[in-house]
Amino acid sequence: MMSEHSKTKTSFYRRLYVAWLISQGANSVPKIIEATGMPRRTAQDTLAAIHELDIDMENTNGTYRVVNWGAVNQSWVDTNIQQIRNVLGYP
């Protein structure tokens, strides 16, 4: 249940998850919504905030691409994606 986790943790995980989704090909707001069920505004706000983790994104006409994961270890995200999904309550 999400209430067991802090807003800081869920916000951090949501940003990691959206960056991971983009790297897996769910690289637009509609595709992110389809993959997660999150509201459009949440998807847009999350995309706008990913840069705060020093993850560099490129946006070409609404199609996103992770340019650089910065200080985030992409392998950790890949390995722990199910835990991230569980914390967020996303499929």
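The shown structure was predicted, so the numbers you read here are calculated from the model rather than taken from an experiment. Values reported hereafter were calculated over all heavy atoms of this structure, with side chains retained and with hydrogens, waters and symmetry mates removed.
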Show, in sequence, the C-alpha distance, side-chain angles and deciding distance for Y17 and I81, and conclude whether the side chain to side chain contact (heavy atoms under 4.5 Å, CB included) test is met. CA-CA 7 Å; Y17 189 45; I81 198 64; 3.5 Å; yes
Start with the C-alpha gap between W20 and R85, add the side-chain angles, then the distance that decides, and say whether side chain to side chain contact (heavy atoms under 4.5 Å, CB included) holds. CA-CA 11 Å; W20 181 84; R85 285 178 169 141; 3.5 Å; yes
Does the pair T42 and R14 meet the rule for a side chain to side chain contact (heavy atoms under 4.5 Å, CB included), with working shown? CA-CA 10 Å; T42 302; R14 187 175 302 108; 3.7 Å; yes
How far apart are the C-alpha atoms of T10 and V87, what are their side-chain angles, what is the distance that settles it, and do they pass the side chain to side chain contact (heavy atoms under 4.5 Å, CB included) test? CA-CA 7 Å; T10 56; V87 167; 4.2 Å; yes
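To the nearest 0.5 Å, atom CE of residue M57 and atom CH2 of residue W69 are 8.5 Å apart. The CZ atom of F12 sits 4.0 Å away from the CG atom of L16 when rounded to the nearest 0.5 Å. The NZ atom of K9 lies 10.0 Å from the CD1 atom of I84; values are rounded to the nearest 0.5 Å. In this structure, I50 CD1 and R15 CZ are separated by 8.5 Å, a value rounded to the nearest 0.5 Å. The distance from the CZ atom of R65 to the CG atom of N27 is 11.0 Å, given to the nearest 0.5 Å. The distance from the OG1 atom of T79 to the CD atom of Q74 is 10.0 Å, given to the nearest 0.5 Å.
The shortest heavy-atom contact between D78 and Q24 is OD1-NE2, 4.5 Å. Closest heavy-atom contact between V29 and A43: CG1-CB, 4.3 Å. Closest of all the heavy-atom pairs between A26 and I32 is O-CG1, 3.5 Å. Heavy atoms only, all atoms of each residue included: V18 and M38 are closest at CG2-CE, 4.0 Å. Taking all atoms of both residues into account, the shortest heavy-atom contact from Y64 to I22 is O-CG2, 3.5 Å. Annotation for A35 and P91: closest pair O-CG, 3.4 Å, computed over non-hydrogen atoms.
Listed by chain and residue number, P30, K31 satisfy the side chain to side chain contact (heavy atoms under 4.5 Å, CB included) test with S28 (two or more places apart in sequence, or in another chain). Residues satisfying the side chain to side chain contact (heavy atoms under 4.5 Å, CB included) test with E34, not counting sequence neighbours, are none.
Not a single donor-acceptor pair under 3.5 Å links the side chain of N80 to the backbone N or O of Q83.
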